[in-house]
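Read through the structure below, which is laid out as structure tokens, and then see the notes.
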Amino acid sequence: MIDPRLLREEPDLIRAAQEKRGLSGSVVDRALEADAARRAAIADFEHLRAEQKQLGKLIAKATGEEKVDLLARTKRLAADVKTAEATQSEAEQDWRDALYAIPNPAADESPAGGEDDYVVLSEHGTPRDFEAEGFEPRDHVELGRILGAIDVERGAKVSGSRFYYLTGAGADLELALVNMAMDQARSAGFITMIPPTLVKPRAMEGTGFLGQAADDVYRIEGQDTYLVGTSEVPLAAYHSDEILDGDTLPRRYVAFSPCYRKEAGSHGKDTRGIIRVHWFDKVEMFSYTTLEEASAEHERLLGWEREWLDKLELAYRVIDVAAGDLGLSAKRKFDCEAWVPTQGRYRELTSTSNCTDFQTRRLDIRGRFATEGGQPEVKPIATLNGTLVAIPRTIVAILETHQQADGSVRIPEALRPYLQGREVLEPVSGA
RNA sequence: GGAGGUGUCGCCUAGCCCGGUUUAUGGCGCCCGCCUGCUAAGCGGGUUGAGGGUUGUGCCCUCUCGCGGGUUCAAAUCCCGCCACCUCCGCCA
């Protein structure tokens with residue numbers, strides 16, 4: 001949720017922000033109207049209610065005929081109060097709906113425009129030149145089959161399209177990546193978490209996933225419960241309705257969890273292999289910090305993502321995602337995209353977003369901070385998230401990047417201790 | 001799933017039977033000040049959060065006792081539903 005005060009005082013800023021994302025500014029007018037209506041309704045109700053309470057006090061003291069008189073007066077008032085209260089709560093609901101429809105304004109630094117208007121911030125490593133090495137690279141599906149690591153056929157048989165089994169070396173690889181990622185995050189000071197992945201509407205809405213992203217969310221039939229598409233959801237909602245001690249910030253959590261996505265609207269895209277799937281496991285970093293520190297924290301999260309990709313010896317680039325391609329909650333987003341040899345292009349492997357106070361306002365998360373003068377101050381705080389490792393895409397990048405002419409795959413050195421010291425994944429026969 | 005119990009301002013706690021100076025009591029913690037020849041002890045004051053009004057910047061008002069309804073002129077208090085936690089039983093990995 002954007003700051004209601006900002007909307008009221010600087011509506012043109014929000015209009016400009018809508019335009020930068022390629023969205024209509026009409027929601028701004030709707031929200032302003034709703035705000036005015038809400039405030040009028042509040043004043044109306046509170047006025048009547050105050051009168052009612054005054055009379056109530058008199059009644060308590062009054063006796064005899066005087067009391068009868070007062071009771072008659074206030075009885076009529078009671079009905080008016082009830083009506084005014086209903087009007088107020090309706091107006092507040094309208095106002096909330098209008099506000100919730102407005103996304104976080106993009107950062108000044110974010111490029112304007114849509115999906116293709118990103119800016120490349122940096123490139124790291126060099127894509128392998130298979131032509132120079134004299135062999136045709138196999139894609140991850142083929143490598144997965146040869147290594148006995150990925151079984152997409154049986155995934156489809158049992159669960160449908162966009163499902164897979166990780167088998168043998170593939171399963172070992174996931175556990176190794178997860179443990180390595182957790183080790184990295186733990187030594188950076190993150191608290192390790194394994195969160196629930198079925199959540200109530202509050203958590204989903206509070207993190208901004210029931211807006212335009214709602215089509216991508218699995219809902220449990222007959223229940224007000226959702227499967228999360230990322231552990232960002234339970235990690236953000238973890239501190240909902242809490243006031244955190246400012247001294248404890250930043251709070252950094254790292255979670256391992258499965259993620260579920262309908263992938264609605266991506267029919268025909270990435271149908272081969274495990275680039276785009278309905279379920280995958282992920283290790284996610286999450287920070288709560290002050291609004292002042294949020295940008296610096298965002299850079300730190302990006303730094304940890306880069307450290308991770310460097311250790312996997314992947315070629316990748318970092319992009320500044322354009323305003324129109326940001327999620328509802330994000331003010332700014334960096335994606336790390338790894339080179340996928342058989343596709344001849346960079347594909348998103350990790351992503352980090354600065355959500356500022358957008359989620360904390362929805363989830364009622366604030367910080368209590370010491371002030372110069374005296375009494376501590378309660379203020380909104382910021383949340384940020386960043387992928388450390390999304391398993392399938394990382395496996396794709398590793399297999400394709402480090403494959404050898406005979407179909408084996410060299411294990412990056414940093415990962416070997418997590419794979420029983422293995423240096424190479426060898427083809428198996430009879431998958 | 002069944003039975004019983006509990007849910008009060010950061011934490012603990014009084015109030016609930018019997019509705020009305022309750023502006024929700026007290027303690028801890030925290031903040032400010034006083035006192036004090038050291039970071040102790042003591043004393044005084046402040047301290048839930050959200051929203052609206054006013055711009056007199058300090059004050060006024062409303063909401064907030066797990067959540068939602070209801071009864072009533074009036075609800076922390078009475079009634080109904082829901083949720084969470086605890087104890088016991090059942091079932092289960």
Integer angstrom distance from the C1' of B:C67 to that of B:G7: 11 Å
Pairwise P distance for B:C11 and B:U48, with rounding to whole Å: 14 Å
Ion pair A:Glu232/A:Lys282, N-O distance below 4.0 Å: no
Separation of B:C61 C1' from A:Leu48 CG (nearest whole Å): 13 Å
Nearest-Å distance once atom C1' is located in both B:U39 and B:G51: 41 Å
Interatomic distance at C1', B:C32 relative to B:G19, whole Å: 39 Å
Length of the line joining A:Gln52:CD and B:U62:P, which is rounded to integer Å: 11 Å
Span that lies between the P atom of B:G27 and that of B:C38, in whole angstrom: 27 Å
P-based separation of B:U23 from B:G5 [nearest Å]: 31 Å
Exceeds 12 heavy-atom contacts within 6.0 angstrom, atom CZ of A:Arg410: yes
B:C63 OP1/OP2 closer than 4.0 Å to side-chain N/O of A:Lys53: yes
Integer-rounded Å distance: B:A84 P and A:Lys200 NZ: 7 Å
Pair A:His239 + A:Phe286: ring centers closer than 6.0 Å: no
Between C1' of B:G10 and NE2 of A:His239, the distance in whole Å: 15 Å
Residue mapping more 5' on RNA chain B - nearest nucleotide basis, A:Asp35 or A:Leu71: A:Asp35
5′-ward residue of the pair A:Lys82/A:Ile243 relative to RNA chain B: A:Ile243
Interatomic distance at C1', B:C35 relative to B:A41, whole Å: 11 Å
Side-chain ion pair, A:Asp270 and A:Arg162, N-O less than 4.0 Å: no
Pairing pattern in dot-bracket form [Watson-Crick, G-U; both distances under 3.5 Å; | = partner strand] for RNA chain B: ((((((((.[[[..)....(.....]]]((((((.......)))))).(((((.....)))))..[[[[[..)....]]]]])))))))....
Note, A:Phe358 side chain near A:Lys331 side chain (heavy atom, < 4.5 Å): no
Parallel, tilted or perpendicular: ring planes of A:Trp279 versus A:Tyr164, cut at 30 and 60 degrees: parallel
Distance in angstrom units between A:Glu377 CD and B:U48 C1', rounded: 16 Å
Those residues that, when tested against A:Asp247, pass salt bridge (charged side-chain N to carboxylate O under 4.0 Å, His left out) (two or more places apart): none
Whole angstrom value for the distance that separates C1' of B:C31 from CZ of A:Arg368: 12 Å
Which nucleotide in B:G52, B:G49, B:C73 has an atom nearest any side-chain atom of A:Arg5: B:G52
Derivation of the salt bridge (Lys or Arg N to Asp or Glu O under 4.0 Å) call for A:Lys262 and A:Asp215: CA-CA 7 Å; A:Lys262 278 190 176 173; A:Asp215 287 349; over 6 Å; no
Per A:Arg49 side chain, nearest of listed nucleotides B:C61, B:C63, B:C73: B:C63
A:Ile59 CD1 to B:G19 C1', straight-line distance once rounded to whole Å: 13 Å
Closest to the A:Arg38 side chain, choosing from B:U48, B:G51, B:C73: B:G51
Proximity to the side chain of A:Ala50 - top-ranked nucleotide from B:C61, B:A50, B:A74: B:C61
Touch class at under 4.0 angstrom, heavy-atom based, for A:Arg366 against every strand present: sugar-phosphate
Whole angstrom value for the distance that separates C1' of B:C83 from CZ of A:Arg202: 14 Å
Touch class at under 4.0 angstrom, heavy-atom based, for A:Arg8 against every strand present: sugar-phosphate
Short side-chain N/O contact from A:Arg39 to OP1 or OP2 of B:G53, under 4.0 Å: yes
Any donor-acceptor N/O pair under 3.5 Å between B:G53 base and A:Glu46 side chain: no
Separation of the C1' atoms in B:G46 and B:C82, to the nearest angstrom: 39 Å
Exercise: do A:Glu297 and A:Ser287 side chains pair donor with acceptor under 3.5 Å: yes
